[in-house]
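Order of listing sets the numbers, starting from 1, for every ligand and every atom in it. Counting from 1, the numbers follow the sequence of the chain as shown. All figures in this text were calculated on a predicted structure; none of them were measured in a lab.
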Amino acid sequence: MKIKQYDVVVCGAGIAGVAAAVSAARQGAKTALIEKQCLLGGLATSGLIYIYLPLCDGYGNQMIHGISEEMLKRCVDYGPFDVPEQWGGPKGGNPGCIEAKNGRYACCFSPAGFSLVLDKMLAEAGVDLWLDTVMIEVEKNGNAVSAITVFNASGKVKIAGKCFVDATGGAHAVQLAGGKIHRTENRITPWVMEMAEDSSFFHFTGELHIQGALKSFVSDSLESSTGAPICADCSSGKAVTDFVRCAWQLMRGRYDAATKPQTKRKTYPVHLPAMPQLRKIGCIDALKILKYEDRDQRFEDSIGLVGDWRKPAPVWDTPYRTLVPRDVENILAAGRCIGTLEEAWEVYRVIPVAAMTGEAAGVAATLCAEQNVIPSKLDIKNLQKTLSVIRKNKQ
Ligand SMILES: Cc1cc2nc3c(=O)[nH]c(=O)nc-3n(C[C@H](O)[C@H](O)[C@H](O)COP(=O)(O)OP(=O)(O)OC[C@H]3O[C@@H](n4cnc5c(N)ncnc54)[C@H](O)[C@@H]3O)c2cc1C
């Protein structure tokens, strides 16, 4: 089997993985980014998400800086939207989403346009991107991850690294390494890009829009008619398949000629989500797991503050320990698979926060590679200093 060697290896090119890889490469690490799809941005783009949720606390204070702010400002480059005027966007610009109109630091984006922007960021930083490449195995030396095996058109390739980042959205690398994973249930909420004269959800241009889970999508009799679950913890391949097919059935209900002959002529699907629209798949058993009672607490090992995207509310501080698995060494988590549960998982699973934790994981992995230390032994003060310099330079 061919072997490739890097300083930092990032698994998964969602928002967190791109942020981690760009941050590591900008710090000088020879960086690989592994992605099983042929799109960048993960759920945020191939899941047809279109709102870059707020960077602020809801009271006018910016909480998240650095690469997350850079991504927000650039995600509008290939789309019809702008960053809000009060946060530096053009006067009279169109930020798209309700959050921004309410004065929060947020905006809308075209999923396809955002994917093109992310590719530009990776190319500018010099990241070695592996598309259409699935990670299938994780190799350890003792309890420390030392290599992953991927499969692509070349066959199986071993990718060795000095330090690893799991940005797979479901902690799949840590799971393959034998680490413990926490899971939870997901409610089904199908989103589809469609063409329709009359729609109620989100317009791109004229009749092209994204249609979300309306009441008309969701039928009470669904569970009994298909046998598929309306909620699933997705801890098996079968459960994920059922979850996605259940969403498709709901979508068909909307377009079904027999039930809606008058809308069939005008309304039809254009693009389906290419990833299961699961909000939470799995998270690591981290050295610190954030829960509801941790909001408004300060932590010595903070890597960044986060606002609650749902409402103006107490701020969350993010301990570095949420990125570090308790039971596997030499790998950090980033994005929606870091150590958060309950309310904290809700706050931390969204795009701006995934970018913030991705940036921290990428910088931490680079420092670990440079200093030949495992993440649990990293000098936190040095990490905090490096992050602070990077984030100040980006303001
Ligand atoms: C219905 C719904 C609506 C949402 N709405 C919003 C919203 O409006 N605004 C917002 O900010 N957030 C929203 N979110 C949440 C947000 O989109 C995601 O949680 C966030 O983008 C997660 O980013 P991530 O990088 O952590 O993970 P992911 O996006 O899951 O990225 C993980 C990447 O890893 C890849 N991968 C996984 N396994 C492997 C493997 N074995 N080998 C190679 N690659 C692999 C995947 O293909 C993927 O590209 C929504 C989520 C859902 C489900």
With a 4.5 Å limit on heavy-atom distance, are the side chains of [X] and [Y] in contact?
{"X": "Val83", "Y": "Pro95", "value": "no"}
{"X": "Glu69", "Y": "Arg391", "value": "no"}
{"X": "Leu287", "Y": "Ser376", "value": "yes"}
{"X": "Lys156", "Y": "Ile136", "value": "yes"}

Could you tell me whether [X] and [Y] have a side-chain N and a carboxylate O separated by less than 4.0 Å?
{"X": "Glu346", "Y": "Arg279", "value": "no"}
{"X": "Glu343", "Y": "Arg310", "value": "yes"}
{"X": "Asp317", "Y": "Arg295", "value": "no"}

Does atom [atom1] of [X] have more than 12 heavy-atom neighbours from other groups under 6.0 Å away?
{"X": "Lys30", "atom1": "NZ", "answer": "yes"}
{"X": "Lys4", "atom1": "NZ", "answer": "no"}
{"X": "Lys2", "atom1": "NZ", "answer": "no"}

How far is [atom] from its nearest protein heavy atom, and which residue and atom name does that atom have?
{"atom": "atom 23 (O) of ligand 1", "value": "Ala354 CB, 4.0 Å"}
{"atom": "atom 44 (N) of ligand 1", "value": "Lys36 N, 3.1 Å"}
{"atom": "atom 11 (O) of ligand 1", "value": "Ile351 N, 3.0 Å"}
{"atom": "atom 1 (C) of ligand 1", "value": "Thr189 OG1, 3.5 Å"}
{"atom": "atom 9 (N) of ligand 1", "value": "Ile51 O, 2.8 Å"}
{"atom": "atom 38 (N) of ligand 1", "value": "His172 CD2, 3.5 Å"}
{"atom": "atom 47 (O) of ligand 1", "value": "Glu35 OE2, 2.6 Å"}
{"atom": "atom 29 (O) of ligand 1", "value": "Leu43 N, 2.8 Å"}

[X] N/O to ligand 1 N/O under 3.5 Å:
{"X": "Arg336", "value": "yes"}
{"X": "Tyr52", "value": "no"}
{"X": "Gly12", "value": "no"}
{"X": "Arg349", "value": "yes"}
{"X": "Arg279", "value": "no"}
{"X": "Met135", "value": "yes"}
{"X": "Ile15", "value": "yes"}

Hey, which atoms in ligand 1 end up nearer than 4.0 Å to a heavy atom of [X]?
{"X": "Ala16", "value": "25 (O), 26 (O)"}
{"X": "Met275", "value": "30 (O)"}
{"X": "Ala44", "value": "17 (O), 21 (O)"}
{"X": "Gly14", "value": "25 (O), 31 (O), 33 (C), 49 (O)"}
{"X": "Gly169", "value": "27 (O), 30 (O), 32 (C)"}
{"X": "Gly335", "value": "26 (O)"}
{"X": "Pro352", "value": "11 (O)"}
{"X": "Thr168", "value": "32 (C), 34 (O), 37 (C), 38 (N)"}

query: Considering only heavy atoms, does Leu278 approach ligand 1 within less than 4.0 Å through its side chain, its backbone, both, or neither?
result: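 For Leu278, the contact with ligand 1 is made by the backbone alone.
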
query: For ligand 1, which part of Thr133 has a heavy atom less than 4.0 Å away: the side chain, the backbone, both, or neither?
result: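 Thr133 to ligand 1: backbone contact only, side chain stays beyond 4.0 Å.
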
message: Under the ring pair (Phe, Tyr, Trp, His ring centres under 6.0 Å) definition, can you give me all pairs with a residue in residues 93-135, not counting sequence neighbours?
response: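 Qualifying pairs: Trp87-Tyr105, Phe109-Phe114.
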
Pair Phe202 + Phe204: ring centers closer than 6.0 Å: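 So the answer is yes for these two rings.
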
task: Please determine which of Asp128, Val10, Leu131, Val9 meets the side-chain contact (heavy atoms from CB on, under 4.5 Å) test together with Leu33.
output: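 Of the listed residues Asp128, Val10, Leu131, Val9, the side-chain contact (heavy atoms from CB on, under 4.5 Å) partner of Leu33 is Val10.
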
message: Consider side-chain contact (heavy atoms from CB on, under 4.5 Å). Of Leu290, Thr318, Thr322, which one does Phe299 pass it with?
response: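 When Leu290, Thr318, Thr322 are each tested with Phe299, the side-chain contact (heavy atoms from CB on, under 4.5 Å) holds only for Leu290.
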
query: Thr168 side chain to Gly12 main-chain N or O, any donor-acceptor pair under 3.5 Å?
result: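 No; judged by distance alone, with no hydrogens or angles, the pair does not exist.
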
message: I'd like the name of whichever of Thr45, Ile49, Leu33 reaches closest to atom 13 (C) of ligand 1 through any heavy atom.
response: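 Closest candidate by heavy-atom distance is Ile49.
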
- request: Only heavy atoms count here, so choose which of Arg187, Gln277, Gln175 is nearest to atom 53 (C) of ligand 1.
  value: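 The residue whose heavy atom sits nearest atom 53 (C) of ligand 1 is Gln277.
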
field: Contact with ligand 1 for Cys11, non-hydrogen, under 4.0 angstrom
entry: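 Under 4.0 Å: no for Cys11.
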
- prompt: Apart from Trp345 itself, which Ile, Leu, Val, Met, Phe, Trp or Tyr residues share its cluster (side-chain heavy atoms under 4.5 Å, direct or through members)?
  reply: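 Other cluster members: Ile289, Leu341.
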
